[in-house]
Amino acid sequence: MKKQKVFRSKRFTIAILLLITFTTIYFIAKPLQFKNGIWKGVIQRADGQKIVFNFETKDSVGKKVIYVINGKERLLVDSIIFRNDSVFIQMPFFASGFEAKINEDGNLQGVWIRDLGTYKQSLPFYATYNQKKRFEIKAPPIANISGRWSANFTGANNTVAELVGEFSQVGSYLTGTFREPTGDYRFLEGVVSGDSLKLSSFDGSHSFLFTAKIDNKNKISGGKFYAGILAEQNWSAERNDNAELPEASGETKITTGSDKLNFSFQDMVDGHMVSLSDKQFKNKVMVITIMGSWCPNCMDEAKFLTDYYEKNQDKGLEIIGLSFERTSDFAKSQKSLQPFKKRLGVTYPVLITGITVGEIVDGSKTLPPIERIVAFPSTIFVDKKGNIRKITNGFDGPATGVHHVIFKKDFDKIVTDLLNEK
């Protein structure tokens, strides 16, 4: 009887030990959760300025996805990898992403990393769960600044750039963008608190913060514009319902006496050479876009061109993207372009030029007979006979509202007129 009691006692002890062991293993192995809901992300600059943005996490088809929120834009991020208490978030464009740990409180702490081809940049990053406010509102707005504004941005060596601000304010909530001759600053979101303006944006490339003082409904002063790791500019603005952009600094031109464009570059998919003189492009109206996977406005343009191409290809239109990346290495450029092409559903050929963005300024050395490239994207319109008929610089994206509508109408008229030519 005594031996039986001892045996039962040992068996009981072993059971308790096993229970403790399995419980301990369970709690140790159980990963910290990346919670679903709204987050406030912060990219911390060395000067103390914070690039603030919001994002939402969800479960979709058995995996975690993120939507980065900037005004009306919801940018889908679906490349998320978990390792123990760490999360690796790869942005869909611009070769950037986040590496962060999930803390005990469920928040994120890590870095934002950008691959610039020859080197990488990084900044501290953290994100707080269940934080819907982008910026604090401490007082009612002193004015409504909805409308169009003439804005001056002062950069290095006191150079002044003339931009146009386009704002929409509802209560304290503020959205808008700045337009420049070669494009726009995409979707900005923020607040007006008392006499203080704050706007920010993050899309994987753009990491912007704008601050300023609103003097009254017609004047904004003391503005600061912070971009990326170090860039900083002063800005001010005055209400001007008729504000227009100046011409771009210089223009994309063709060499005198030469109006024929030809080239041979490698297709990004399989590396085979594609030339404008290839049979498939004969007697076609051609739209050639100068672009790069690192360029946010090129992303917006690619969305538009993809849709336009699908609707007009059977009418005799062909489009080619000429990509100028941050590196001359084909494999690295291909890797950068693959998510760009896949996410946007681009069906027209995209060619890797092997020429870096820093080398293309003098177009005569890279893409004769083009003398000079002044903007990304730039668009070259070629008629059925192979003649360059028009070159445009920049792209008014969807964040510019009515300007985007006008751009699309003008683009369609150019192409339609060329298609109707005999």
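Just so it is clear, the structure is predicted and the values come from calculations on it, not from any experiment. Numbering starts at 1 and runs along the sequence shown.
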Query raised in the report: Which distance, rounded to the nearest 0.5 Å, do you find between the CD1 of I142 and the NZ of K213?
Result: 6.5 Å
Query raised in the report: So, D215 and S221: side-chain donor and acceptor under 3.5 Å apart, yes or no?
Result: yes
**Report entry** Heavy-atom donor-acceptor pair, N84 side chain to S86 backbone, under 3.5 Å
**Finding:** no
**Report entry** Main-chain N/O of N103 paired to N107 side chain as donor or acceptor, under 3.5 Å
**Finding:** no
Report task. Flag yes if more than 12 heavy atoms outside N158 fall under 6.0 Å of its CG atom; otherwise flag no. Result -> no
Query raised in the report: Ring centroid separation for F202 and F98, is it under 6.0 angstrom?
Result: yes
**Report entry** Parallel, tilted or perpendicular, as decided by the 30° and 60° cut-offs, for the rings of F153 and F210
**Finding:** perpendicular
Requested in this report: Report yes if some heavy atom in the side chain of F411 is under 4.5 Å from a heavy atom in the side chain of T392; otherwise report no.
Outcome: no
**Report entry** Of R134, R186, H206, the residue whose pairing with N70 passes side chain to side chain contact (heavy atoms under 4.5 Å, CB included)
**Finding:** R134
Query - Side chain proximity check, Y173 to I137, heavy atoms < 4.5 angstrom - result: no
Query raised in the report: Are any non-hydrogen side-chain atoms of T159 and T154 less than 4.5 angstrom apart?
Result: no
Query raised in the report: Given side chains that start at C-beta, do those of Q33 and I102 come closer than 4.5 Å, heavy atoms only?
Result: no
Requested in this report: Sequence neighbours left out, what pairs pass side chain to side chain donor-acceptor pair (under 3.5 Å) with at least one residue falling in residues 336-347?
Outcome: D78-R343
Query raised in the report: Is it the case that S150 and E162 place a side-chain donor and acceptor less than 3.5 Å from each other?
Result: no
Query raised in the report: Taking only residues at least two apart or on different chains, which pairs with a member in residues 109-118 satisfy side chain to side chain donor-acceptor pair (under 3.5 Å)?
Result: S96-W112
Query raised in the report: Does E310 offer a backbone N or O that forms a donor-acceptor pair with the side chain of Y348 under 3.5 Å?
Result: no
Query raised in the report: Which heavy atom of L230 sits nearest a heavy atom of R45, and at what distance?
Result: O-NH2, 3.4 Å
Report summary line: Taking every heavy atom of A399 against every heavy atom of D184, the minimum-distance pair comes out as CB-OD1, 4.2 Å
Requested in this report: Step through the shown structure and confirm whether more than 12 heavy atoms of other residues, nucleotides or ligands are within 6.0 Å of NZ on K332.
Outcome: no
Query raised in the report: Just by modelled atom types, is the A143 backbone N or O under 3.5 Å from a matching donor or acceptor in the Q169 side chain?
Result: yes
Query raised in the report: Under a 4.0 Å N-O cut-off, is there an ion pair linking E238 with K219?
Result: no
Query - Residues which pass salt bridge (Lys or Arg N to Asp or Glu O under 4.0 Å) with D59, listed by chain and number, not counting sequence neighbours - result: K64
Query raised in the report: Does the ring center of W294 lie less than 6.0 Å from the ring center of F94?
Result: no
Requested in this report: Nearest 0.5 Å please: distance from the CD atom of E99 over to the CD1 atom of I89.
Outcome: 10.5 Å
Report task. May I ask you to decide if L322's main-chain N or O and T353's side chain share a donor-acceptor pair within less than 3.5 Å? Result -> no
Query - Sidechain-backbone polar pair: S323 side chain, I352 backbone, donor-acceptor under 3.5 Å - result: no
Query raised in the report: Taking NZ, NE, NH1 and NH2 as the nitrogens, is one of them in E136 or K198 under 4.0 Å from a carboxylate oxygen of the other?
Result: no
Query raised in the report: At their closest point, which heavy atom of V68 faces which heavy atom of F55, and how far apart are they?
Result: CA-CB, 4.0 Å
Query - Side-chain heavy atoms of V415 within contact of V287, under 4.5 Å - result: yes
Query raised in the report: Between the side chain of R148 and the main-chain N/O of A243, is any donor-acceptor distance below 3.5 Å?
Result: yes
Report task. Return the orientation label for the H404 and F395 ring planes: parallel under 30°, perpendicular over 60°, tilted otherwise. Result -> perpendicular
Requested in this report: Assert yes or no for the condition that the ring centre distance of Y309 to F304 is strictly below 6.0 Å.
Outcome: no
Query - Ring centre gap for F53 and F208 strictly below 6.0 Å - result: no
Query raised in the report: Are the side chain of S333 and the backbone N or O of T327 linked by a donor-acceptor pair below 3.5 Å?
Result: yes
Query raised in the report: Can you name the closest pair of heavy atoms from G394 and A375 and give their distance?
Result: N-CB, 3.9 Å
Requested in this report: May I ask you to check whether S146 and N144 show a side-chain donor-acceptor distance below 3.5 Å?
Outcome: yes
Query raised in the report: Would you say D410's side chain and F407's backbone share a donor-acceptor pair under 3.5 angstrom?
Result: no
Query raised in the report: Judged by atom type as modelled, is there a donor-acceptor pair below 3.5 Å linking the side chain of S193 to the main-chain atoms of K138?
Result: yes
**Report entry** Straight-line distance of Q49 CD to K224 NZ, nearest 0.5 Å
**Finding:** 9.0 Å
Report task. Taking the side chain as every heavy atom from C-beta outward, state whether F93 and P296 have any atom pair closer than 4.5 Å. Result -> no
